There are 2 protein chains.
Amino acid sequence: MADVNVSSLPISPKQGQKTDDSQGNEGIPAVELIELLFFAYRDFVGDADELLARLGFGRAHHRVVHFVNRHPGMRVADLLAVLKITKQSLGRVLRELVDNGYVVQKAGDSDRRERLLYVAPKGEELARQLVALQTRRFARALNECGPGARDAARKFLASMIDPEQRAEVERLIANANGKK
Amino acid sequence: MADVNVSSLPISPKQGQKTDDSQGNEGIPAVELIELLFFAYRDFVGDADELLARLGFGRAHHRVVHFVNRHPGMRVADLLAVLKITKQSLGRVLRELVDNGYVVQKAGDSDRRERLLYVAPKGEELARQLVALQTRRFARALNECGPGARDAARKFLASMIDPEQRAEVERLIANANGKK
DNA sequence: AAAATAAGTCAATATGGCTGACGTAAACGT
DNA sequence: ACGTTTACGTCAGCCATATTGACTTATTTT
């Protein structure tokens, strides 16, 4: 599968551009971390792509199914805010998911203008499979890193989020987890 | 900028779906890590987007400038292998970068069919600015996580890469770092 | 009754991918 | 020396995902 031949690239003439920042975190130029995150994320999303492609879906459908599954009854406006896309962009994707029986919409109880979003059984199963795929990658990686890696990764990833947005994301996750 | 209103999403009825995997890494459902990585990566690439947009460039240009800067003299075929895109997809992006004086091409010395890629001063400056932006995010995050976070993050990110691809990525990074 | 809100839709456009087909120049193999 | 392969580029057409702007419909709010 996609066996590339990147061997023997020329060696960069400029030696390790440190750009360092103390605080007990010296020694690894940040550009290295930047590239690792790039490759890690590419493989991370790649897990889901094959499964989605077999259903005729793309990453946009993935995101919708995932968040609707995690937040049953969310409004369209909420979904737009989470995904940070426009309503026109969501339109086609949501319609396809509804038409194919992955997502259902119900008018709001107190406000009947709202179309509350829920996953149908098909959608829940798809979301479950997608989470399972990506969970497997995390499990493998964290096992390789040894004990404590999970907490460290959680803290690191949260810290990478824009400070102004972090509280909101944490709230989102806590809500979906059932706020235990 | 983009102040969303995601407050008060409904609470998920199904409690924390553990999907756990022992090894001293219990306690955080993987779905939480999945979402944190999603949001972290979105903000991570978002850093560059604004700067690129001002130049009329997109993420595709970012990747090209970055890797050409890190691997001066790389061949077009090497770049295609790293980015895993087709030569037709690269075509327009590379042409724009060359036309606007960010990247230069030189015929190979021993094989004159090759068009070796180099950043022009303009391209080097752009690459530097982009790395600086993303370095700033890493520095802030790692400082928040305390000592040792850098090594932990490096190990974690590397472990998230497909095992079959990891050696190749490590080689790529080592080469660019000057193989010290 | 008027205004604001939630959602959906139409149209046009941009970006970044893809496949297939073809062309050119240079290197390689027999 | 000739034919094949390689490295690169390009034309044409397609798809997926996103954008902005304008407009409609239903419903709630004021």
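In what follows, every chain begins at residue 1, and chains take the letters A, B, ... in the order their sequences are listed. Model, not experiment: these values are computed from the prediction.
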**Prompt:** Looking at the rings of A/Phe44 and B/Tyr41, which for Trp means the six-membered one, are their centres under 6.0 Å apart?
**Reply:** no

Should [X] be listed as having a side-chain N or O under 4.0 Å from OP1 or OP2 of [N]?
X: B/Arg59; N: C/dG16; result: no
X: A/Ser89; N: D/dT17; result: no
X: B/Arg92; N: C/dG16; result: yes
X: A/Gln105; N: C/dG8; result: yes
X: A/Thr86; N: D/dT19; result: yes

Measure from the side-chain heavy atoms of [X] and tell me the nearest of [options].
X: A/Ile85; options: D/dT19, C/dG16, D/dT27; value: D/dT19
X: B/Ala77; options: D/dC8, D/dT27, D/dT10; value: D/dC8
X: A/Gln88; options: D/dT17, D/dT20, C/dC18; value: D/dT20
X: B/Arg115; options: C/dG8, D/dC8, D/dT19; value: D/dC8

**Prompt:** Using a cut-off of 4.0 Å on non-hydrogen atoms, how would the nucleic acid contact of A/Glu96 be classed: base, sugar-phosphate, or nothing?
**Reply:** nothing

**Request:** For B/Gly91, answer base if it contacts any base atom (sugar-phosphate contacts may also be present), sugar-phosphate if it contacts only those atoms, and nothing otherwise; contact means non-hydrogen atoms under 4.0 Å.
**Result:** nothing

**Item:** d(CD, B/Glu114; P, D/dG9) in whole Å
**Value:** 11 Å

**Message:** Please report the distance, rounded to the nearest Å, between CG in A/Leu83 and P in D/dA16.
**Reply:** 19 Å

**Asked** Should the heavy atoms of other residues, nucleotides or ligands under 6.0 Å from CG of B/Asp99 be counted, would the total exceed 12?
**Response** yes

**Prompt:** Given that A/Phe57 and A/Arg113 both sit by DNA chain D, which one's nearest nucleotide is further toward the 5' end?
**Reply:** A/Phe57

**Complete:** Of B/Leu94 and A/His61, the one whose closest nucleotide on DNA chain D sits nearer the 5' end is B/Leu94

**Request:** Could you verify whether a donor N or O on one side chain and an acceptor N or O on the other, from A/Glu32 and B/Asn177, lie under 3.5 Å apart?
**Result:** yes

**Asked** Out of curiosity, A/Leu94 CG to A/Gln105 CD, how far, rounded to the nearest 0.5 Å?
**Response** 5.0 Å

**Message:** Working to the nearest 0.5 angstrom, can you tell me the gap between B/Glu168 CD and B/Ile161 CD1?
**Reply:** 10.5 Å

